[in-house]
Amino acid sequence: MSVEPTDSSAAATAAPTDFIRDIVAQHVAENRYPKIVTRFPPEPNGYLHIGHAKSICLNFGIARENAGQCNLRFDDTNPVKEDLEYVESITADVKWLIAGWADQCLGFKPKGAIPTVQSVNGQSDFFLDAVSPDTPGAEPFFASDYFEPIYGYAVELIKRGHAYVCDLSPEETEAYRGSPDQPGRDSPYRTRSVVENLDLFGRMRAGEFPNGARSLRAKIDMASPNIWLRDPLLYRIRHASHHQTGDKWCIYPLYDFAHCLSDYLEGITHSICTVEFEVHRPLYDWILENLGLPRPLPHQYEFAKLVPGYTLVSKRKLLQLVTEKIVNGWDDPRMPTLSGLRRRGIPASALRRFVIGVGVTKFDSVTDIAVFDHAVREELNTLAQRRLAVLRPIKIVLTNLAPDEAIECAATNDPQNENPTTRKIVLTRDVFIESDDFAEVPPPKYFRLKPGGEVRLKYACIVKLDEIVKNAAGTITELRCTADLTTRSGHPNSDRKVKGTIHWVSAAQAIDAEVRLYDRLFTVAEPAAEDDFLQVVNPHSLDVVTAKLEPSLATATTDDRFQFERLGYFAIDPRDSAPGKLVFNRTISLKDAWTPKTPPPKK
RNA sequence: UGCCCGAUGGUGUAAUGGUAGCACGAACGACUCUGACUCGUUCUGUCUAGGUUCGACUCCUAGUCGGGCAGCCA
């Protein structure tokens with residue numbers, strides 16, 4: 001069984017529409033670009049989370065719907081915050097999320113390739129084309145690959161009188177910037193000559209000045225109501241080693257300067273980002289428009305980020321959960337990181353179904369986590385093989401079976417399929433059932449096992465509870481029942497109805513496994529709104545039990561997805577499970593529509 | 001306070017001047033060898049006030065509320 005089949009789900013294949021796709025569709029209709037090219041541009045300073053999944057699915061989705069391309073590009077312009085560990089995890093997470101869906105759109109570049117000079121309309125121009133990730137040695141794009149051309153563009157801006165070297169300290173720069181309702185003041189260095197700017201900028205690159213001593217700034221308008229147009233910094237001095245370029249550079253471009261140019265160099269047509277960058281868009285356009293570039297310019301479009309309920313989508317806070325050991329690493333199955341969700345057993349297709357389903361707008365919202373749960377269940381319902389497992393066992397003895405008797409039963413693997421397959425399971429005298437499925441004093445409308453009552457053991461037969469056996473301390477040690485073998489599947493009375501059907505495993509054949517039961521990490525829908533989100537961490541987000549499993553589960557692999565019937569969906573923990581020492585994660589429970597009015601009595 | 005953006009049921013979204021629809025959720029019911037799935041019924045909405053128009057969720061004006069922006073972060 002494969003976990004990642006080609007996407008057959010309607011929700012995931014139906015072409016979504018939203019305001020950004022509408023714009024793209026119009027551009028396609030106008031033939032504005034030879035090909036639609038988007039990009040996913042993470043900074044390698046943390047792990048990808050469920051919020052990024054929306055951006056990935058939007059960018060790759062637009063590419064695949066338009067026979068276009070989407071480049072994975074690391075926005076690595078700040079060496080002091082970034083790390084190779086993150087470029088590796090991010091690359092793996094992106095590949096996992098789009099596998100079987102948009103791999104054909106993923107743009108990589110040849111190993112070590114940098115933009116090359118080409119001629120466009122007689123004008124010299126830099127460009128770096130993508131290759132398939134399958135190309136030997138192919139790797140993601142890096143903004144750091146463009147440091148040389150970006151430096152060249154800075155020089156060009158200086159020559160055009162649009163940028164200058166400023167000697168103001170960081171503190172002075174801030175003071176000169178003014179405030180939202182107060183215009184800024186011109187830097188005293190604003191009027192330096194082109195010659196002097198060129199000289200100083202060259203010496204910045206040569207390493208003549210310490211960190212913060214000078215910066216390169218765009219010359220725009222210190223009185224602009226948009227803060228980002230008040231002579232924004234383009235380059236800062238940073239004597240720091242970079243994870244990609246080593247010690248080659250001691251000046252690094254800032255996001256605003258590097259991003260639009262990176263987009264241009266890769267031939268991006270639609271640069272899609274979240275709404276906090278909206279106020280930067282005029283600067284994005286200004287830089288590109290003031291360079292006299294020969295090819296069509298990319299444009300930026302913004303959408304609201306995804307914030308699911310009961311989860312945090314802040315790299316900083318997620319990092320805090322990791323460093324303070326609230327969770328066990330970035331890939332803890334309770335984490336909303338892609339690696340955590342993957343480890344928990346969430347199929348990439350379910351994540352896609354979810355993020356595509358919530359749509360794309362500019363409205364800040366919190367998405368009900370039930371929508372996510374529903375997407376996961378819907379996907380897993382068709383993907384998962386059914387198995388029997390008992391999480392919290394209580395023993396029953398079928399008194400009319402001989403101790404060595406073993407009755408073979410056929411259990412359905414995939415009832416969701418048109419032609420389901422079956423496997424053999426064995427009914428023996430001693431059987432484990434779920435302790436929740438027995439009540440000595442049953443609440444109203446309790447369908448399960450109760451004194452004198454009957455219940456069906458799924459795939460086997462109906463049993464009747466005759467006697468409750470307790471030890472001296474009053475604890476129930478076993479339930480003695482009679483099995484009505486004429487009600488076995490395929491036997492004369494198999495269609496006899498009882499109200500309840502429960503799951504079970506043969507005590508003689510059961511294998512033990514550690515099963516980790518997860519609950520939401522936070523107790524409130526909006527943990528980010530709390531003064532201290534650590535105060536609303538759910539103390540019961542993890543519950544570990546030793547479960548009894550049917551023996552076929554002994555050979556489960558990390559790619560398998562199971563539904564333990566009546567309990568939920570489970571998958572092997574890829575990190576901690578080993579043959580002979582199985583560890584399962586509960587990906588998600590089954591929906592529970594019963595919810596008794598009174599809690600079941602403690603046994 | 002300056003600029004930018006936004007506002008449709010409990011939640012997320014559609015309707016692009018012409019019947020306010022879909023999904024999640026909730027409630028009830030049917031089915032059931034999974035109290036799941038599936039199916040059926042029901043529930044709840046255009047932020048406010050003006051204006052334009054035969055007609056406004058849609059366009060205009062003002063207001064209210066919410067989000068974003070003053071890192072040499074991205």
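Proteins come first, then strands; the chains are lettered A, B, ... in the order of their sequence lines, and each starts at number 1. Note that the coordinates shown come from a computational prediction; the quantities given were computed from them, not determined experimentally.
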Hey, can you tell me if [X] and [Y] have their rings parallel, tilted or perpendicular (30° and 60° cut-offs)?
X        : Y        : value
A:Tyr446 : A:Trp594 : tilted
A:Tyr252 : A:His242 : parallel
A:Tyr301 : A:His299 : perpendicular
A:Phe201 : A:Tyr151 : parallel

### Query
Rounded to whole angstroms, how far apart are CG on A:Leu590 and C1' on B:U32?
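Rounding to the nearest Å, CG of A:Leu590 and C1' of B:U32 are 14 Å apart.
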
### Message
Measure NZ/A:Lys591 against P/B:U32 and give the value in whole Å, please.
### Response
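About 20 Å, once rounded to whole Å.
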
Rounding to the closest angstrom, what is the interatomic distance between [N] and [M] at atom [atom1]?
N     : M     : atom1 : answer
B:G18 : B:U53 : C1'   : 12 Å
B:G21 : B:U44 : C1'   : 14 Å
B:U64 : B:U48 : C1'   : 7 Å
B:G51 : B:C57 : P     : 15 Å
B:U34 : B:U42 : C1'   : 27 Å

Just N and O in the side chain of [X]: are any of them under 4.0 Å from OP1 or OP2 of [N]?
X        : N     : value
A:His374 : B:C24 : yes
A:Arg177 : B:C72 : yes
A:Arg456 : B:U34 : no
A:Arg214 : B:C72 : no
A:Lys497 : B:C33 : yes
A:Arg448 : B:G35 : no

### Query
By a strict heavy-atom criterion of less than 4.0 Å, which residues belonging to residues 221-228 of chain A are in contact with RNA chain B?
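When residues 221-228 of chain A is checked for heavy atoms under 4.0 Å from RNA chain B, the hits, listed by number, are A:Pro225, A:Ile227, A:Trp228.
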
### Task
Work out which heavy atom in A:Glu434 is nearest to a heavy atom in A:Val390; give both atom names and the distance.
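For A:Glu434 and A:Val390, the tightest heavy-atom pair comes out as OE1-CA, 3.5 Å.
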
#### Entry: Stepwise ring pair (Phe, Tyr, Trp, His ring centres under 6.0 Å) test for A:Tyr255 and A:Phe277
CA-CA 11 Å; A:Tyr255 166 84; A:Phe277 293 99; 5.0 Å; yes

Using a cut-off of 4.0 Å on non-hydrogen atoms, how would the nucleic acid contact of [X] be classed: base, sugar-phosphate, or nothing?
X        : result
A:Arg496 : nothing
A:Ser489 : base
A:His259 : nothing
A:Glu43  : sugar-phosphate
A:Leu233 : base
A:Pro282 : nothing
A:Gln563 : base
A:Tyr235 : nothing
A:Leu216 : nothing

### Message
Assuming nearest nucleotide by heavy-atom distance, tell me which of A:Arg281 and A:Thr501 is located more 5' along RNA chain B.
### Response
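Comparing both residues, the 5'-ward one is A:Arg281.
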
### Task
Identify, between A:Val279 and A:Lys445, the residue whose nearest nucleotide on RNA chain B lies closer to the 5' end.
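Closest to the 5' end, via its nearest nucleotide, is A:Lys445.
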
Among the candidates [options], find the nucleotide nearest to the side-chain atoms of [X].
X        : options             : result
A:Phe447 : B:C33, B:G35, B:C73 : B:G35
A:Glu378 : B:U38, B:G35, B:G2  : B:U38
A:Pro180 : B:C33, B:G2, B:G68  : B:G2

#### Entry: Ring-base stacking, A:Tyr255 with B:A74 (5.5 Å, 30° cut-offs)
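Given the distance and angle limits, no, they do not stack.
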
### Message
Pair A:Asp186, A:Tyr176 - check side chain to side chain donor-acceptor pair (under 3.5 Å), show working.
### Response
CA-CA 7 Å; A:Asp186 284 2; A:Tyr176 273 74; over 6 Å; no

### Query
In terms of base orientation, is B:G71 syn or anti, with the syn window spanning 90° either side of 0?
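In terms of base orientation relative to the sugar, B:G71 is syn.
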
### Query
With no hydrogens and no angle check, do the side chains of A:Asn211 and A:Arg236 hold a donor and an acceptor under 3.5 Å apart?
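Absent: no donor and acceptor within the cut-off.
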
### Task
Please check if any side-chain donor atom of A:Ser224 sits under 3.5 Å from a side-chain acceptor atom of A:Asn226, or the reverse.
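No - no donor-acceptor pair under 3.5 Å links their side chains.
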
### Secondary-structure notation, RNA chain B, from Watson-Crick and G-U pairs under 3.5 angstrom (| other strand)
.((((((..((((....[..))))((((((.......))))))...(((((..]....))))))))))).....

### Query
Of the options A:Asp76, A:Thr245, A:Asp75, which is the one that meets A:Ser144 in a side chain to side chain donor-acceptor pair (under 3.5 Å)?
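Among A:Asp76, A:Thr245, A:Asp75, the one meeting side chain to side chain donor-acceptor pair (under 3.5 Å) with A:Ser144 is A:Asp76.
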
Assess whether a salt bridge exists between [X] and [Y], defined as any Lys/Arg side-chain N lying under 4.0 Å from an Asp/Glu carboxylate O.
X        : Y        : value
A:Arg386 : A:Asp414 : no
A:Asp364 : A:Lys305 : no
A:Glu266 : A:Arg39  : no
A:Glu550 : A:Lys424 : no

Tabulate protein N/O versus nucleotide N/O from nucleotides 9-15 of chain B, keeping only pairs under 3.5 Å, one per line.
residue: B:U11; atom: O3'; partner: A:Val366; partner atom: O; Å: 3.3
residue: B:U11; atom: O2'; partner: A:Val366; partner atom: O; Å: 3.4
residue: B:U11; atom: O2'; partner: A:Asp368; partner atom: N; Å: 3.2
residue: B:G12; atom: OP1; partner: A:Val366; partner atom: N; Å: 3.4
residue: B:G12; atom: O2'; partner: A:Val358; partner atom: O; Å: 3.0
residue: B:U13; atom: OP1; partner: A:Thr361; partner atom: OG1; Å: 2.9

